[in-house]
Amino acid sequence: MNYLVLGFRRSCTTYISELIKSHPAVTCLIEPLTLNMDIFRTREFDHWADTEYVPDIFHPLLFKKPTAISFLQDFQDYLLTSRSEYLLGFKEVTLHNKLQWIKKLLPNLKVIYVTRNPLNTIASFKQIGFTKRWNYSEKVLKFVNTSTQLPVGGLPNPSIPDNYDDVEISCMAYKISVQSFLLTHPYRNSEDMMFIKIEDFLQDRMEVATDIMAFLEKNIHPNQREFIQKTSFTTKGGAYSKYRSAHDVNTRHLVLSKTEIEKVKRILVSEFTQLNYDL
Amino acid sequence: MIFNNNHLIEVQAGNYQLSRGNTSVTIHTSGYRISRFLVTNSMYLIFLNSSRIPNEEHGTWKWVNTDHINTKIVRSNEYFYQEQGGKHILHSPIISSSAYAVVPGFENHPVVCVNWTGAQKFAEYLGARLPSEAEWEIAATSGNSDNIFSWGAFTPDKTYANYGENYCGTTPIGQFPPNDFGGYDFSGNVREWCNDWSSYSNSMVSSYEKIIKGGGWNKPEFHLKCCHHNSKWFRLGGASIGLRIVFN
């Protein structure tokens with residue numbers, strides 16, 4: 001068995017994966033595909049179906065790219081050595097619409113999908129400056145102009161791209177990712193999918209951590225209890241720090257203006273509902 | 001010259017005790033010289049810029065991920081991002097005739113985001129190699145198995161080492177007190193690739209994971225113990241994984 005921790009950027013997926021890998025018999029690679037292969041960044045919103053999985057080259061887009069193929073081959077070979085006594089998994093933020101393809105790469109894959117209140121996610125996304133960093137303006141507009149697969153309602157006026165601000169672009173990136181995931185993931189009614197609301201986790205970290213490890217067929221380890229105790233009460237470190245108080249995680253939206261908050265709620269109204277967050 | 005004798009610790013031939021939980025093991029060594037400091041960005045840059053093999057190909061990194069937000073080695077003559085105050089900030093290009101450059105101010109920080117192959121290639125470039133786990137541990141404990149951490153047995157705090165997000169990133173090499181052998185940053189700053197394949201957790205992964213030792217700037221306290229070992233997939237570098245090297 002393998003596992004994948006998946007969530008939109010700034011949804012606390014790093015924290016969850018660090019918690020999981022504090023167990024000495026579990027490892028978790030941090031964004032092995034997104035951080036190491038540019039195809040997963042530049043084609044973040046491309047849907048990859050299971051029929052696009054091609055043995056030996058993995059995907060038609062990798063044809064005649066032996067260095068990339070070799071990396072993916074090693075990744076697959078390594079992950080497939082996973083056993084109950086030493087469980088191998090990874091965390092990603094850009095595979096929302098490639099899960100059908102990933103299931104072909106790693107057939108025995110469990111998925112932990114992490115969500116955070118969209119207001120806090122977008123606030124953090126904006127604060128860190130991800131729109132420019134990951135070129136979301138271009139990626140979102142390309143998707144809006146070419147996709148016929150997914151509903152993209154909510155953008156103020158798709159025909160006037162220059163009018164979009166960072167918050168609108170962030171919301172659209174969130175919407176495209178989450179809707180892609182909800183509509184195309186191959187785990188419907190499956191016991192191989194676990195949803196984690198980070199707000200539930202913050203209310204009782206130990207209980208939810210125990211549930212996560214049970215999902216991975218492991219008992220919680222003393223190192224994980226220590227990890228939770230050491231990281232829960234104070235906020236310190238940089239943008240990817242594990243040390244975050246619940247208050248800090250839950251109140252990130254305070255960096256948004258009233259107008260921006262209204263904008264997020266308007267564009268992401270269906271995502272608030274589908275992910276069970278109060279508007 | 002990247003390394004001279006002042007940069008190296010001489011570990012004498014002999015038998016050394018290494019702590020293993022409640023017990024210990026005896027290791028014999030015929031002697032070696034290990035780098036006193038972690039390999040820095042400016043050291044690694046010399047290797048990277050002199051290599052005829054490209055570091056990136058087909059959109060995939062071979063040795064060091066120069067796009068990672070924590071790397072301080074970036075492509076020359078291109079805009080690049082760095083994290084500052086919790087934000088990703090776009091910086092103007094560093095003009096250079098070489099392919100890569102170090103972000104100013106970080107020349108003396110340990111190199112990170114280097115995978116095991118990149119670490120091994122650097123060592124090979126200098127006619128050196130990566131330490132075995134036992135060699136690393138003998139040097140880290142200064143040959144004294146009573147030294148739980150490189151500085152001894154005192155409880156860690158941020159005056160001894162860089163760990164637990166106390167400094168929000170790497171710190172310049174040699175900033176913290178040396179161990180009894182005169183080596184720096186064995187416990188903390190960045191974890192270090194060793195030459196050994198993992199063999200303790202699951203024989204199935206032993207062809208894929210290499211041992212890493214020492215604590216890291218973003219890792220909790222228990223990683224600082226000299227006997228603590230961990231292993232990582234050799235193809236990935238990390239935000240807090242670097243290296244030091246050994247000469248026979």
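Given the structure is predicted, the values throughout are model-derived calculations rather than measurements. In what follows, every chain begins at residue 1, and chains take the letters A, B, ... in the order their sequences are listed.
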For A/Lys126, is it the side chain, the backbone, both or neither that has a heavy atom under 4.5 Å from a heavy atom of chain B? neither
With rounding to the nearest 0.5 angstrom, report the OG1 to CG distance, A/Thr14 to B/Asn218. 10.5 Å
Would you find more than 12 non-hydrogen atoms of other residues, nucleotides or ligands less than 6.0 Å from A/Lys21 atom NZ? yes
Tell me, for A/Thr27 versus chain B, whether the close heavy atoms (under 4.5 Å) come from the side chain, the backbone, both or neither. side chain
What's the separation between atom CZ in B/Arg235 and atom CG in A/Asn36, rounded to the nearest 0.5 Å? 9.0 Å
Bottom line for A/Glu18: the part with an atom under 4.5 Å from chain B's heavy atoms is side chain
Heavy-atom nearest pair, B/Cys168 first then A/Gly238, reads SG-N, 4.1 Å
Just so I know, are the side chains of B/Pro220 and A/Lys230 near enough to count as touching, which here means a heavy-atom distance under 4.5 Å? no
Checking heavy atoms, do the side chain of A/Lys64, its backbone, both or neither come under 4.5 Å from chain B? backbone
What part of B/Glu83 gets closer than 4.5 Å to chain A, counting heavy atoms only: side chain, backbone, both or neither? side chain
Here the gap from A/Thr81 atom OG1 to B/Tyr208 atom OH, rounded to the nearest 0.5 Å, amounts to 6.5 Å
Could you pull out the closest heavy-atom pair between B/Leu236 and A/Pro32, with the gap in Å? CD1-CB, 3.8 Å
Assert top hit (heavy-atom pairs under 4.5 Å, partner chain B, pool A/Asp77, A/Ile39, A/Ile30) equals A/Asp77
How long is the straight-line distance from NE2 of B/His58 back to CE of A/Met37, given to the nearest 0.5 Å? 11.0 Å
What residue in B/Gln84, B/His88, B/Lys87, B/Glu221 has the most heavy-atom pairs under 4.5 Å with chain A? B/His88
Taking side chain as everything from C-beta outward and backbone as N, CA, C, O, which of these in B/Leu90 sits under 4.5 Å from a heavy atom of chain A? Side chain, backbone, both or neither. neither
With respect to chain B, which residue among A/Ser124, A/Ala68, A/Gly129 yields the maximal number of heavy-atom pairs within a distance under 4.5 Å? A/Ala68
Need one label for B/Asn65: side chain, backbone, both or neither, based on atoms under 4.5 Å from any heavy atom in chain A. side chain
Within a 6.0 Å radius of atom CD on A/Glu138, are there more than 12 heavy atoms belonging to other residues, nucleotides or ligands? no
Can you check side-chain contact (heavy atoms from CB on, under 4.5 Å) on B/Glu56 and A/Asp38, steps first, answer last? CA-CA 11 Å; B/Glu56 45 192 302; A/Asp38 70 355; over 6 Å; no
Residue selection (most heavy-atom pairs with chain A, distance under 4.5 Å) from B/Asp67, B/Asn115, B/Asn70: B/Asp67
Worked verdict on B/Ser198 versus A/Tyr86 for side-chain contact (heavy atoms from CB on, under 4.5 Å): CA-CA 12 Å; B/Ser198 169; A/Tyr86 190 59; 5.9 Å; no
With only heavy atoms counted, which part of B/Phe234 is less than 4.5 Å from chain A, the side chain, the backbone, both or neither? side chain
Please flag which part of A/Tyr240 lies under 4.5 Å from any non-hydrogen atom of chain B: side chain, backbone, both or neither. both
Distance col, row B/Tyr79:OH vs A/Lys132:NZ, nearest 0.5 angstrom, shows 14.0 Å
Parallel under 30°, tilted from 30 to 60°, perpendicular over 60°: which one fits the rings of A/Phe71 and B/Trp233? tilted
Kindly compute the distance separating CZ (A/Arg133) from CD1 (B/Ile69), expressed to the nearest 0.5 Å. 4.0 Å
Say whether, by atom type as modelled, one donor and one acceptor occur between the side chain of A/Lys236 and the main chain of B/Gly164 under 3.5 angstrom. yes
Interface moiety of A/Ser70 toward chain B, non-hydrogen atoms closer than 4.5 Å: both
